[in-house]
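Single-structure report; data block below.
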Amino acid sequence: MKRIALLGMPNTGKSTFFNRLTGAVARVGNWPGITVDLLTAKLLMGGDMVEVVDLPGIYNLHGYSEDELVVRHFLEKNPINLLVIVANATQLDRQLALVLQLKDLGLPMVLLLNMVDEAKRLGIQIEQHKLEHALGIPVATLSAKHGIGFPWARQLIERNLNDTLATAAAFSAFASDDALEARLEELVRDTVHVPVTLSETITSRLDRLLLHPLLGLPLFFLAMYLMFQAIYTIGTPMQNAVEWLLGLLKQDAVAPLLAHASPVISSFLLEGIYNGVGTVLSFLPIIVLFFLFMGIVEDSGYLSRAAFLVDAFMSRLGLDGRSFVMQLMGFGCNVPALMGTRVMRSRGLRLLTMLIIPFSLCSARLQVFIFLTTAVFSPRTAPFVLFSLYCMSFFASFLTALLYRRRLTNDEPLLLELPPYRFPTWRQMVMRSWHEAKGFVREAGGFILLGVVLVWFLTNIPFSAAPASAHTLAGRLATFMAPAFHPIGINDLMSIALLFGFVAKEVVIGALAVIYGTNEGALSGIIATHLNWIEAYSFMLFVLIYTPCLSAIAVLRQESKSWRFTALAVAWPLFLAWTVSFVFYQAATALIGA
Amino acid sequence: MTLEQLATGQCARIAQVEGDEPLRTRMFALGLRNGREVAVIRRARLGGPLQIRVGSTDLIVRRREARMITLIEPAA
């Protein structure tokens with residue numbers, strides 16, 4: 001099998017070209033010497049099976065950023081038959097620098113000039129034959145998005161597909177940037193002609209409105225609000241529908257099948273395995289929708305504008321505007337927001353963002369809080385209580401950012417490109433969502449299932465005891481942990497519910513009903529008599545801040561690929577939750593008691 | 001004069017790019033190199049970043065990084 005690697009700078013439409021070339025057959029592959037996921041696809045080209053690898057977008061080959069190292073390691077460890085370089089035809093004045101650097105590697109290569117439609121609109125003229133001659137490599141022009149010139153580009157690749165595999169020459173032999181600069185200047189002068197003044201584009205006109213000193217921020221929040229509403233007003237009913245269908249299936253199809261099995265086996269299969277699979281599946285609609293809409297925001301070029309608008313504040317926290325967008329989206333559900341941090345290429349920045357997203361008060365937690373506030377507080381005070389929890393959510397995340405910004409340093413300066421506004425392509429967005437959903441099931445699914453089964457064991461062993469009662473392992477764990485929970489006003493029964501909340505926060509209420517041996521309807525009365533408002537608020541503070549749910553942890557691990565970071569992301573919120581609840585509970589009881 | 005001090009809407013030629021090696025190579029790759037013409041399009045409020053244009057590329061640069069780019073004074 002032959003192998004092609006696709007390489008280019010960020011914002012060149014490389015992934016669009018990859019999708020057009022390979023169709024929907026791409027999958028995530030593992031490569032020697034590389035820890036990040038690379039999209040790979042196999043296809044038939046000129047009678048040969050060819051494997052195409054989409055390398056991360058890089059600015060140069062010096063190896064200062066993580067992505068640059070990934071590309072270097074890949075090219076050193078994995079021989080290829082052809083390197084396909086994708087460059088943005090509107091930015092050849094700087095993108096040819098990468099081509100010149102790559103030429104020194106001695107690999108067989110072709111150059112594709114993408115986005116020729118945009119270049120033509122800007123009046124940029126490229127002398128293709130001169131460029132081919134000067135570089136000594138074949139060149140084709142195309143628009144991968146609209147498919148113009150694509151057949152020729154494909155033919156060019158096919159014709160230049162070498163029979164022998166080649167590995168990159170030593171990376172240390174690079175010419176210095178100064179020498180490169182002289183070559184670049186000459187090359188650009190001879191082959192690319194840019195009009196002296198670029199015509200006033202739609203982009204500059206849109207920017208004048210969207211980045212307006214006064215209107216920019218309100219418009220940003222409006223856009224975020226609309227996007228949030230779009231994802232979750234469509235997504236949450238879909239999520240409920242999935243859960244309802246799974247419940248129906250469980251009740252009418254799976255449970256009767258297990259009617260003759262022993263109660264223990266049947267409970268294990270239904271409450272353990274089946275519910276675990278259900279938890280994984282119920283996230284899929286929201287993940288797909290999130291990436292559809294995120295795709296619009298990202299591909300349209302607005303995400304970098306958001307970075308511009310809120311950077312003044314976020315940079316003080318060691319974060320950037322994209323972190324803020326993900327944090328806001330986390331108020332619907334933390335899981336897709338954590339996955340969305342992948343747009344940030346600096347690892348420190350990404351990890352710091354992933355550390356603060358779980359503090360966003362997600363819709364699952366909101367259900368718990370609405371239930372408890374209406375049970376314990378008067379209708380007049382309940383909204384204020386809820387509002388204070390939202391404030392607490394921001395406080396916890398900003399505090400965390402301030403405390404950890406030195407340790408998870410953002411090593412890359414904010415040098416973001418502001419690409420022209422573009423219409424996103426449906427095909428691209430749908431494929432991205434599909435990949436993300438598949439990745440979630442494969443990478444996080446097993447972990448979530450394992451966690452649900454573990455909690456089932458804790459709350460059901462020994463089988464002689466009533467599930468979730470004080471005699472089960474969970475009950476004994478609660479008794480054991482009592483010295484930690486009593487100072488924050490949480491009794492043993494409530495702390496068993498917290499264990500359930502670890503699986504998914506929305507389960508807390510159902511779990512409380514089981515634990516108190518009642519149904520959800522009668523629960524609020526029982527809660528109101530068992531808990532005073534200080535205990536209830538302390539419990540809510542704890543639920544807000546403590547360990548993100550199991551699915552969030554699974555995704556934290558999936559995205560960070562580090563158990564150490566995952567452990568930190570679990571332990572720190574747990575510690576913070578306990579401290580906040582402790583301070584509140586002790587202060588409130590002392591003040592009220594006095 | 002540095003890029004940070006360049007008035008909004010004005011353009012000037014880059015005299016020198018300072019900073020450590022990774023930062024300079026990154027700026028180089030984005031087109032910020034000696035002799036290139038750069039314009040400040042707008043500034044974010046409250047000490048936020050600058051939007052600059054070099055060639056046909058628009059970039060966001062924080063003020064800290066903009067101070068590392070010195071300019072040749074534009075002829076009045």
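Basis for what follows: all heavy atoms, side chains included, without hydrogens, waters or symmetry-related copies. Order of the sequence lines fixes the chain letters, A, B, ..., with proteins taken first and strands second; residue numbering starts at 1 for each chain.
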Next on the checklist: If we define contacts as heavy-atom pairs under 4.5 Å, which of B/A44, B/G35, B/G19 has the most with chain A?
Outcome noted: B/A44
Next on the checklist: Using heavy-atom distances under 4.5 Å, tell me whether A/D207 contacts chain B through its side chain, its backbone, both, or neither.
Outcome noted: both
Item to check | Within-4.5 Å side-chain heavy-atom neighbours: B/L59 and A/L416 | outcome: no
Next on the checklist: Apply side-chain contact (heavy atoms from CB on, under 4.5 Å) to residues B/I60 and A/L415 and explain how you reach the verdict.
Outcome noted: CA-CA 6 Å; B/I60 316 177; A/L415 274 172; over 6 Å; no
Item to check | Rounded distance [0.5 Å steps], NE2 in A/H62 versus OG1 in B/T25 | outcome: 5.5 Å
Item to check | A/M9, part contacting chain B, at a heavy-atom distance under 4.5 Å | outcome: side chain
Checklist outcome for this item: Counting heavy-atom pairs under 4.5 angstrom with chain A, the leader among B/I41, B/L46, B/D58, B/N34 is B/D58
Checklist entry - Does any non-hydrogen side-chain atom of A/S315 lie less than 4.5 Å from one of B/R62? => result yes
Checklist entry - Among B/R63, B/Q51, B/R42, who wins on heavy-atom pairs under 4.5 Å with chain A? => result B/R42
Checklist entry - Can we say B/R33 and A/E185 salt-bridge, meaning some charged N sits less than 4.0 Å from an Asp/Glu carboxylate O? => result yes
Checklist outcome for this item: In terms of heavy-atom contacts, B/L50 and A/F308 come closest through C-CE1, 3.9 Å
Checklist entry - How about A/L214 and B/R45: do any of their side-chain heavy atoms sit closer than 4.5 Å? => result yes
Checklist entry - What are the two closest heavy atoms between A/A312 and B/P49, and how far apart are they? => result N-CD, 4.3 Å
Checklist outcome for this item: Of the listed A/P213, A/P420, A/A97, the one with the largest count of heavy-atom pairs under 4.5 Å with chain B is A/P213
Checklist entry - From A/L92 CG over to B/S56 OG, what is the distance, rounded to the nearest 0.5 angstrom? => result 8.5 Å
Item to check | Pair listing, salt bridge (charged side-chain N to carboxylate O under 4.0 Å, His left out) test, anchored in residues 90-102 of chain A, at least two apart | outcome: A/D93-B/R36, A/R94-A/E417
Next on the checklist: Is A/L184 close to chain B through its backbone or its side chain, or both, or neither, when contacts mean heavy atoms under 4.5 Å?
Outcome noted: side chain
